[in-house]
Amino acid sequence: DEWDYVLWLEMRDAPPIVRVFDELLQFLSDGMEPPVLVDALSNARKRIIELIADKRALIAFDNLESMLNLVDGRWLSEGEELGRLINELAAVAHSGKVILTSQQAPLGLGVGDELSARHLPLLHGLDAASARKWLRTVSSALYGTKEAWSRTVRHYEGNPRALEIV
């Protein structure tokens, strides 16, 4: 009952920002907005801000690091407009919440008491025994020595999603 809209956007492989903005606009407008054009990203960003102002929307941007320079957290050129949108969403009052999952914090995103943005500490992955137990629930056809399991889990830093894909 808390949210009227819930949208999980996968940023892995850095999707075209036009597609991301179009998905956001169509979602928040119940399909009533025209398609986003490449040369109108600024207008689309402003419209997204307008639409979310009075909606109880939960929007998650997953794997945001795909849009960032992993060395310094700067937005890659294809992600700059998304960076503007996220910064505006962090700075303006609205009824929604935005969740960012990323291995790298975006440079310039204010975090603290003055903004409604918060930074969670680094989460650690699963240990080898927990990963093996969890993966057996995904597929009973998995097998290997304890050493092979440990190597694989270490290689993927215990990330459940990465281990599931492998």
Side-chain angles (χ1 to χ4, degrees), residues 1-126 134 138 155-166:
D1 286 345
E2 189 171 346
W3 305 109
D4 297 323
Y5 297 83
V6 177
L7 180 62
W8 190 274
L9 294 164
E10 177 57 63
M11 298 290 108
R12 187 180 313 125
D13 301 324
I17 201 63
V18 170
R19 189 176 86 212
V20 173
F21 276 26
D22 192 55
E23 191 169 349
L24 277 164
L25 274 175
Q26 296 309 312
F27 179 74
L28 292 169
S29 71
D30 296 318
M32 301 303 288
E33 291 288 320
V36 174
L37 303 174
V38 174
D39 57 352
L41 288 174
S42 180
N43 291 337
R45 186 184 78 245
K46 291 173 188 168
R47 185 66 180 132
I48 291 167
I49 298 293
E50 289 171 5
L51 287 169
I52 201 171
D54 62 346
K55 295 192 183 321
R56 295 181 314 158
L58 175 63
I59 300 169
F61 294 93
D62 192 20
N63 294 306
L64 194 65
E65 69 273 4
S66 297
M67 307 296 272
L68 302 170
N69 178 319
L70 292 179
V71 173
D72 61 12
R74 293 184 192 277
W75 293 96
L76 299 175
S77 58
E78 58 270 21
E80 288 176 352
E81 199 66 36
L82 179 61
R84 287 184 195 95
L85 173 66
I86 289 171
N87 282 326
E88 287 181 33
L89 288 170
V92 301
H94 55 83
S95 301
K97 297 278 185 209
V98 177
I99 297 173
L100 310 176
T101 70
S102 180
Q103 295 178 20
Q104 172 72 40
L107 184 68
L109 180 64
V111 177
D113 293 334
E114 294 181 19
L115 293 176
S116 59
R118 299 290 182 263
H119 181 267
L120 297 177
L122 179 65
L123 300 176
H124 297 283
L126 300 173
W134 178 76
V138 175
H155 179 75
Y156 292 101
E157 298 176 346
N159 181 322
R161 177 75 173 137
L163 290 166
E164 183 180 3
I165 292 170
V166 173

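Counting begins at 1 with the first residue of the sequence. Below, all heavy atoms of this structure are taken into account, side chains as well, without hydrogens, waters or symmetry copies.
- For L58, the side-chain contact (heavy atoms from CB on, under 4.5 Å) partners two or more places apart in sequence, or in a different chain, are W3, V6, K97, I99.
- Among V18, V20, N43, L24, the one residue that satisfies the side-chain contact (heavy atoms from CB on, under 4.5 Å) test with V36 is V18.
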Evaluate the side-chain contact (heavy atoms from CB on, under 4.5 Å) criterion for residues F61 and T101: first the C-alpha distance (whole Å), next the side-chain angles of each, then the deciding distance (0.1 Å), finally the verdict. CA-CA 6 Å; F61 294 93; T101 70; over 6 Å; no

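- Not a single side chain to side chain donor-acceptor pair (under 3.5 Å) links N69 to another residue, sequence neighbours left out.
- Atom CZ of R56 is separated from atom CG of D4 by 4.0 Å, given to the nearest 0.5 angstrom.
- Applying the salt bridge (Lys or Arg N to Asp or Glu O under 4.0 Å) test to residues at least two apart or on different chains, the pairs with a partner in residues 65-78 are D72-R74.
- Taken to the nearest 0.5 Å, the CG atom of L9 stands 9.5 Å off from the CG atom of D62.
- Among residue pairs with one or both ends in residues 7-17, those qualifying as salt bridge (Lys or Arg N to Asp or Glu O under 4.0 Å) are E10-R12; sequence neighbours excluded.
- Within the structure, every pair that satisfies the salt bridge (Lys or Arg N to Asp or Glu O under 4.0 Å) test and touches residues 87-96, not counting sequence neighbours, is listed here: R45-E88.
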Just do the side-chain contact (heavy atoms from CB on, under 4.5 Å) check on I86 and L64 with the steps written out, would you? CA-CA 11 Å; I86 289 171; L64 194 65; 4.1 Å; yes

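- Here R84 pairs with E81 under the side chain to side chain donor-acceptor pair (under 3.5 Å) rule; sequence neighbours left out.
- For residues 21-35, the pairs satisfying salt bridge (Lys or Arg N to Asp or Glu O under 4.0 Å) are E33-R47, with sequence neighbours left out.
- Two residues are said to be in side-chain contact when any heavy atoms from C-beta on lie closer than 4.5 Å; I59 and I52 meet this criterion.
- When all heavy atoms are compared, the tightest approach of S66 to M11 is CB-O, 3.1 Å.
- Atom CD of E50 and atom CG of L28 lie 11.5 Å apart (nearest 0.5 Å).
- Remark: E80 CD to I17 CD1 distance equals 10.5 Å, nearest 0.5 Å.
- The two residues L89 and H94 make their nearest non-hydrogen contact at O-NE2, 2.9 Å.
- Take S95 and apply the side chain to side chain donor-acceptor pair (under 3.5 Å) test, not counting sequence neighbours, and it matches no residue.
- Heavy atoms only, all atoms of each residue included: A44 and F21 are closest at CB-CD2, 3.9 Å.
- Judged as a ring pair (Phe, Tyr, Trp, His ring centres under 6.0 Å), the pairs with a partner in residues 22-46 (not counting sequence neighbours) are, in order, Y5-F27.
- The side-chain contact (heavy atoms from CB on, under 4.5 Å) with L85 is formed by just one residue from the set L41, I48, V98; it is I48.
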